[in-house]
Structures are given as structure tokens and as C-alpha cells.
> 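Structure incoming, see below.
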Amino acid sequence: METTAFVEVLRREGDLLAASAELAGPDATVPTCPGWQVRDLLRHTGMVHRWATAFVAEGHTGPRRDGGLPDLDGGALLAWFREGHGRLVGTLADASPDVDCWHFLPAPSPLAFWARRQAHETTVHRIDAESARGGDPTPVGVELAVDGIDELLRGFHARPKSAVRTEVPRTLRVRATDSPGAVWTVRLSTRIPVTERGDTGDADCEVTGPAARLYPALWNRCPFPEVTGDASLAALWREKSCVV
């Protein structure tokens, strides 16, 4: 996906998140994020949006702390979220393609990284907001879901921070049934997980389903559509894969 497409995803998903949060109300629980209420979701996502905006808008070339969570609630919190979301969209849309700033996953450019990362950040949290609102969730497009799975498996879980480890080497396969070639082989051991595209070699466990269902499942927002083989590996993923 192109950077401009990710910016449009970010725009749409942030608007949907805000609308669902408004309907649910700040006191509503967020089933996909145990322990959170809608106010926690808005504070967190709004903080992340402002943190990301600062890198691109101010050209920070090293990591920096976020600005913390606001002491806001109700309508003021919702307005704060919408303002920060709009500023992030505008910053990414107007930024020079060669903007130089810090980013924490491999990417064609810093701008490409931040547009992609914030599109997925906001999509996952939009799913959270809709779980609080209730009713049917907004579908996630196949292309976006496949890209998000790839970012999670080959980006986040290729970092030393990944806690998905096994004492004995094991292999987990992830297969999207509605997108040709959308298959990942995740090799687990005591070291950092190693993920490659394709289905080379045997797998101890395979999780399969439509991309739009695998995507939130791998982010622990819902159960895996289908698990074959050693289900303890799928359970390990759910227990250890929290991204920090």
C-alpha cells in the first residue's frame, strides 16, 4: 500500500473510532481491552497520535517520551482526541516524502513508516471502540489486513522485545484463506522469533481464516478463526504476544 492510502485509512479509522466512542460513552467497558473503559482508549490513542505527530512535524531523529495522558473526560476528551487525530492526518498528508525523523521498524522511509504504523494503530483501536459500542464491526479490507499481519509478524515480533519464545524450537504458520500468497511461517525458539513469507517446511500449529479475522486475532482482539495442529502454540501466542 502507498503512503497516501495509509493516510486515508488513518483518516477514516480515526473518524470511526471517535464516532463509536461517542455512542458508547466514556464509562463503557472495552471488551477487547480488559480493564479499560472508553475514556482509557481515547486517552491512549490520542496520546499516541500526538507522539507520532511530533516526530514528523518537528523532525526528531531519536526516540522521545510521549506527552502523557490528559486529565480530560467526556466531551472535552472526545474533542481533544479528534483535534489530535486531525493534526496527525494533516501532518502526514502535508509532509515532504524525504522528511528525516526517528522510526522503530524497517520502512522505505520515515514517512512511510509513520503513515503505516498509525493507520494500523488506529484501526486496531477502532475495533476496540466498536466492541464497546456493540453491534456489527466495520469490515477491514483484505489488503489492509494482510499488511497489518505482515507488520505485526515481521516487524514487531522481529524485535528483541517480543516475548513469544519456546524452550524447544517450534513453528507456527499463519495463513489467510482469502488472499493468495498471504502465508507466514514463524519459527519460535529461545531467541527472537524469525518470520518469513511462505509455507516452507512443516509447522507444529497453523492458524487460518480470512485476513480480516486473522488480523484482530493476532492482536488478541478475538479468537483465532481456526487452529490445527498443536493448539498450545496458539495459546502461547495469546499469552505472550502483547506488544509493548
> Counting distance only, does the side-chain N/O of W51 pair as donor-acceptor with the main-chain N or O of R64 below 3.5 Å?
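At least one qualifying donor-acceptor pair exists.
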> State yes or no: do L236 and V194 share one hydrophobic cluster built from I, L, V, M, F, W and Y residues joined by side-chain heavy-atom distances below 4.5 Å, directly or via other members?
no
> Please give me the minimum heavy-atom distance between R197 and V146, naming the atom from each residue.
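Smallest interatomic distance, heavy atoms only, reads NH2-CG1, 4.3 Å.
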> Of the non-hydrogen atoms in A112 and P108, which two are nearest, and what is the gap between them?
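Nearest pair, atom of A112 first, then P108: CB-CD, 4.0 Å.
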> Test side-chain contact (heavy atoms from CB on, under 4.5 Å) on V124 and Y215; report intermediate values, then the result.
CA-CA 9 Å; V124 171; Y215 176 51; 3.9 Å; yes
> Using a 4.5 Å cut-off on heavy atoms from C-beta on, say whether the side chain of W114 contacts that of C101.
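Counting from C-beta outward, C101 and W114 do come under 4.5 Å.
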> So do the side chains of R159 and L105 get within less than 4.5 Å of each other, counting heavy atoms only?
yes
> Shortest non-hydrogen contact from A217 to P223?
CB-O, 3.6 Å
> Determine the minimum heavy-atom distance between L233 and R170, stating which atoms define it.
CD1-CB, 3.8 Å
> To the nearest 0.5 angstrom, please state how far the CG atom of L152 sits from the CG atom of L218.
6.0 Å
> How far does OG1 of T171 sit from CG of D202, to the nearest 0.5 angstrom?
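Interatomic distance, T171 OG1 to D202 CG, rounded to 0.5 Å: 8.5 Å.
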> Quick check on E167: does its CD atom have over 12 non-hydrogen neighbours (other residues, nucleotides or ligands) under 6.0 Å away?
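No, because the 6.0 Å sphere around CD of E167 holds 12 heavy atoms or fewer from other groups.
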> Is it the case that T185 and R173 place a side-chain donor and acceptor less than 3.5 Å from each other?
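The answer is yes; a qualifying pair exists.
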> Show me the donor-acceptor pairs, under 3.5 Å and distance only, between side chains in residues 79-87 and residues at least two apart or in other chains.
{"residue": "R82", "atom": "NH2", "partner": "E22", "partner atom": "OE1", "Å": "3.2"}
{"residue": "E83", "atom": "OE1", "partner": "R50", "partner atom": "NH2", "Å": "2.8"}
{"residue": "E83", "atom": "OE1", "partner": "R87", "partner atom": "NH2", "Å": "2.8"}
{"residue": "E83", "atom": "OE2", "partner": "R87", "partner atom": "NE", "Å": "3.2"}
{"residue": "E83", "atom": "OE2", "partner": "R87", "partner atom": "NH2", "Å": "2.8"}
{"residue": "H85", "atom": "NE2", "partner": "L10", "partner atom": "O", "Å": "2.9"}

> Mind checking whether V164 and V207 sit in one hydrophobic cluster, side chains of I, L, V, M, F, W, Y counted as touching below 4.5 Å?
yes
> Could you list the residues that satisfy side-chain hydrogen bond (donor to acceptor under 3.5 Å, both in side chains) with R126, not counting sequence neighbours?
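Partners of R126 by the side-chain hydrogen bond (donor to acceptor under 3.5 Å, both in side chains) criterion, ordered by chain and then number, come out as E13, E130.
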> Report yes or no: do F104 and I192 belong to one cluster of Ile/Leu/Val/Met/Phe/Trp/Tyr joined by side chain heavy-atom distances under 4.5 Å?
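F104 does not cluster with I192.
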> L172 vs W184, test: side-chain contact (heavy atoms from CB on, under 4.5 Å). Steps then yes/no.
CA-CA 8 Å; L172 173 68; W184 296 261; over 6 Å; no
> Got Q118 and T53 here, is their nearest side-chain heavy-atom distance under 4.5 Å?
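With C-beta onward as the side chain, the pair stays apart.
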> Hey, would you say the W237 and H157 ring centroids sit under 6.0 Å apart?
yes
> Say you draw a straight line from OG1 of T45 to CD of E121; how long is it, rounded to the nearest 0.5 Å?
6.0 Å
> To check you understand the geometry: which heavy-atom pair defines the closest contact between L17 and T122, and what is its length?
CD1-O, 4.0 Å
> Report, as yes or no, whether the 6.0 Å neighbourhood of atom CD on E143 holds more than 12 heavy atoms from other residues, nucleotides or ligands.
no
> Between S20 (side chain only) and R133 (backbone N and O only), is there a donor and an acceptor less than 3.5 Å apart?
no
> Report the C-alpha separation of R221 and H125 in whole Å, then their side-chain angles, then the decisive distance to 0.1 Å, and conclude whether the side-chain contact (heavy atoms from CB on, under 4.5 Å) test is met.
CA-CA 10 Å; R221 263 53 186 189; H125 287 315; 3.6 Å; yes
> Checking D147 side chain against L144 main chain: does a donor-acceptor pair fall under 3.5 Å?
no
> Once the angle between the rings of W36 and H44 is folded into 0 to 90°, is it parallel (under 30°), tilted (30 to 60°) or perpendicular (over 60°)?
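Aromatic pair W36/H44 classed tilted.
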> Evaluate the ring planes of F113 and H103, with Trp represented by its six-membered ring, and classify them as parallel (under 30°), tilted (30 to 60°) or perpendicular (over 60°).
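Because their plane-to-plane angle lies in the 30° to 60° range, the rings of F113 and H103 count as tilted.
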> Any donor-acceptor pair under 3.5 Å linking the side chain of T29 with the backbone of P31?
no
> Side chains of L42 and L78: closer than 4.5 Å at any heavy-atom pair?
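They are in contact (side-chain heavy atoms under 4.5 Å apart), so the answer is yes.
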> CD1/I127 to SG/C33 distance, rounded to the nearest 0.5 angstrom?
10.5 Å
> Does any part of the side chain of L214, heavy atoms only, come nearer than 4.5 Å to the side chain of I149, both counted from C-beta?
yes
> Got K240 and R165 here, is their nearest side-chain heavy-atom distance under 4.5 Å?
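No - every pair of side-chain heavy atoms lies 4.5 Å or more apart.
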> Rounded to the nearest 0.5 Å, what's the gap from CZ on R116 to CG on L92? Could you check?
14.5 Å
> Going by side chain to side chain contact (heavy atoms under 4.5 Å, CB included), name the residues that satisfy it together with S232, two or more places apart in sequence or in a different chain.
D230
> With no hydrogens and no angle check, is any side-chain donor or acceptor of D178 less than 3.5 Å from a backbone partner on A211?
yes
> Mind checking the CZ-SG spacing from R238 to C222? Nearest 0.5 Å is all I need.
7.0 Å
> Assigning hydrophobic clusters by single linkage (Ile, Leu, Val, Met, Phe, Trp, Tyr; side-chain heavy-atom cutoff under 4.5 Å), is V9 placed with V89?
yes
> Quick one: does T228's side chain get under 4.5 Å of T208's, heavy atoms only?
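Side chain of T228 against side chain of T208, heavy atoms only: no contact under 4.5 Å found.
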> Tell me the closest heavy-atom pair linking V38 and A21, and the distance in Å.
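Heavy-atom minimum between the residues: CG1-CB, 3.7 Å.
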> Could you tell me if the side chain of E206 sits less than 4.5 Å from the side chain of R175, heavy atoms only?
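Yes, close enough: below the 4.5 Å cut-off.
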> Decide whether L111 and W102 are clustered together by the hydrophobic rule: side chain heavy atoms of Ile, Leu, Val, Met, Phe, Trp, Tyr closer than 4.5 Å, transitively.
yes
> Using the side-chain contact (heavy atoms from CB on, under 4.5 Å) rule, take F6 and R117 through it: C-alpha gap first, then chi angles, then the decisive distance, then the call.
CA-CA 9 Å; F6 283 122; R117 176 80 291 276; over 6 Å; no
